[in-house]
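Quick notes on the structure that follows.
Just so it is clear: chains get the letters A, B, ... in the order the sequence lines come, proteins before strands, and each one is counted from 1. This structure is a prediction, so every number in the text was calculated from the model and none was measured.
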There are 2 protein chains.
Amino acid sequence: MQKEHSLSKNQKIIFDLIDKSGGPMKAYSILFNVQKKGIKAPLQVYRALDKLVEIGKIHKIESRNAFIACQNSSCQVSKATAFSICESCENVSEISNSKLSKYLSNFSDDSGMKYSKYNLEFFGLCKKCKSK
Amino acid sequence: MQKEHSLSKNQKIIFDLIDKSGGPMKAYSILFNVQKKGIKAPLQVYRALDKLVEIGKIHKIESRNAFIACQNSSCQVSKATAFSICESCENVSEISNSKLSKYLSNFSDDSGMKYSKYNLEFFGLCKKCKSK
DNA sequence: AACGTTATGTAATAATATAACATTTATAAG
DNA sequence: CTTATAAATGTTATATTATTACATAACGTT
Ligand SMILES: [Zn+2]
Ligand SMILES: [Zn+2]
Ligand SMILES: [Zn+2]
Ligand SMILES: [Zn+2]
């Protein structure tokens, strides 16, 4: 069951934009796109992004400084994320693989550290770019 | 067997600094620390960092915008990296676990994508911080 | 020596992100 | 409904991270 996080005005504007774009978006590109809706300053964007990340509606692609809508309906909180990134066209998609997530969530080594979160980014060439 | 990449002057200065620090360092902190050695501009630092990453002597911790010396002697090229990061003290260490690296290097899904590289970052509390 | 490649020096600027402060709006308790 | 509290917003300025552009020097090979 899904806990409803009713989004605020700015959060909704920004989430809708990212979600509709279907891919990763960068903060200042988001800013540019929402200026017509009255969001004028970087901080307004970053605040909404922070919140959206916190509640798991979007994820940050760390290697690209970009944000993407969660493509996995069951991904409530951004604690276990995995992405595949094409190094040619920069297409990004969220990997939803229960074996992988189980393997990583249960991973432990001899460091005595308890891992509560992970982010994995795979790089390569997507089908389209490979065949070029 | 290890291919020798003889480092240039700036590369050596910067690698030695990061290596001796024993942890992750940020680019502008590196810059500050090497100014007495004649490296005066950000670009000089970033160029050396780029090269050091390329040849696998250091890795970038993407979630922290920081660079750490490779702690894994067999890690020639930065194609398969995994780190554990303490969210309290920001201690970072490179995970060297052959089962994990084998699992991830062989990972494939139904996307048709061939992965040639990955970066994994685990987050949690280190032993020290956990016991506080 | 001549050539191509790699590294360096320097200045300017672009791109990403946060600090600080004032105000407003939403939520919940009494 | 009122008051208290937390969450969100607006605005300006600034900090941090990274790259562009161009000129010069050092290195490795033939
Ligand atoms: Zn997700
Ligand atoms: Zn592609
Ligand atoms: Zn390594
Ligand atoms: Zn710690």
Which residues share a side chain to side chain donor-acceptor pair (under 3.5 Å) with S116(A), sequence neighbours left out: none

Atom pair distance, as rounded to whole Å: CD in Q11(A) and C1' in dA8(D): 7 Å

d(CZ, R64(A); P, dA18(D)) in whole Å: 13 Å

Any N65(A) side-chain nitrogen or oxygen under 4.0 Å from OP1 or OP2 of dA17(C): yes

Atom-pair distance (NZ on K12(A); P on dA8(D)), nearest Å: 15 Å

Counterpart residues, side chain to side chain donor-acceptor pair (under 3.5 Å), relative to E62(B) (two or more places apart): none

Any side-chain heavy-atom pair of N119(B) and N119(A) under 4.5 Å: no

Within residues 7-30 of chain A or reaching into it, pairs that qualify as salt bridge (Lys or Arg N to Asp or Glu O under 4.0 Å) - sequence neighbours excluded: K12(A)-D16(A)

Sequence neighbours excluded - ring-ring contact (aromatic ring centres under 6.0 Å, His included) pairs with any residue from residues 81-102 of chain B: H59(B)-F83(B)

Partner residues of F123(A) under the ring-ring contact (aromatic ring centres under 6.0 Å, His included) criterion, sequence neighbours left out: none

Minimal non-hydrogen separation, S96(B) against N72(B), with atom names: OG-ND2, 3.8 Å

Side chain to side chain donor-acceptor pair (under 3.5 Å) against S8(B), all qualifying residues, sequence neighbours excluded: Q11(B)

Distance-only donor-acceptor hits, side chain of residues 85-93 of chain A, under 3.5 Å, sequence neighbours excluded:
| unit_1 | atom_1 | unit_2 | atom_2 | d |
| --- | --- | --- | --- | --- |
| E87(A) | OE2 | K117(B) | NZ | 3.1 |
| E90(A) | OE1 | R64(A) | NE | 2.6 |
| S93(A) | OG | S84(A) | OG | 3.3 |

OP1 or OP2 of dT8(C) under 4.0 Å from side-chain N/O of S8(B): yes

Interatomic distance, D50(B) CG vs dA18(D) P [rounded to whole Å]: 10 Å

Distance below 4.0 Å between Q44(B) side-chain N/O and dA7(C) OP1 or OP2: no

DNA chain D-proximal residues of residues 13-41 of chain A, any heavy atom under 4.0 Å: K40(A), A41(A)

Contact state string [nucleotides 25-30 of chain D, B base, S sugar-phosphate only, - no protein heavy atom under 4.0 Å]: ------

Distance below 4.0 Å between K51(A) side-chain N/O and dT9(D) OP1 or OP2: no

Whole-Å gap separating P (dT14(D)) and CG (L43(A)): 15 Å

Whole angstrom value for the distance that separates C1' of dA7(D) from CZ of R47(A): 11 Å

Pairing residues for Y115(B) by the side chain to side chain donor-acceptor pair (under 3.5 Å) criterion, not counting sequence neighbours: D109(B)

Show which side-chain atoms of residues 39-47 of chain B pair as donor or acceptor with protein atoms under 3.5 Å away, not counting sequence neighbours.
| unit_1 | atom_1 | unit_2 | atom_2 | d |
| --- | --- | --- | --- | --- |
| Q44(B) | OE1 | K40(B) | N | 2.8 |
| Q44(B) | OE1 | A41(B) | N | 2.9 |

Nearest-Å distance for atom pair NZ/C1', residues K60(B) and dT16(D): 12 Å

Axis bend over the full length of the helix from dA1(C)-dT30(D) to dG30(C)-dC1(D), computed from five pairs that close each end, to 10 degrees: 50°

Integer-rounded Å distance: dT8(C) P and Y46(B) OH: 17 Å

Side chain proximity check, F67(A) to K60(A), heavy atoms < 4.5 angstrom: yes

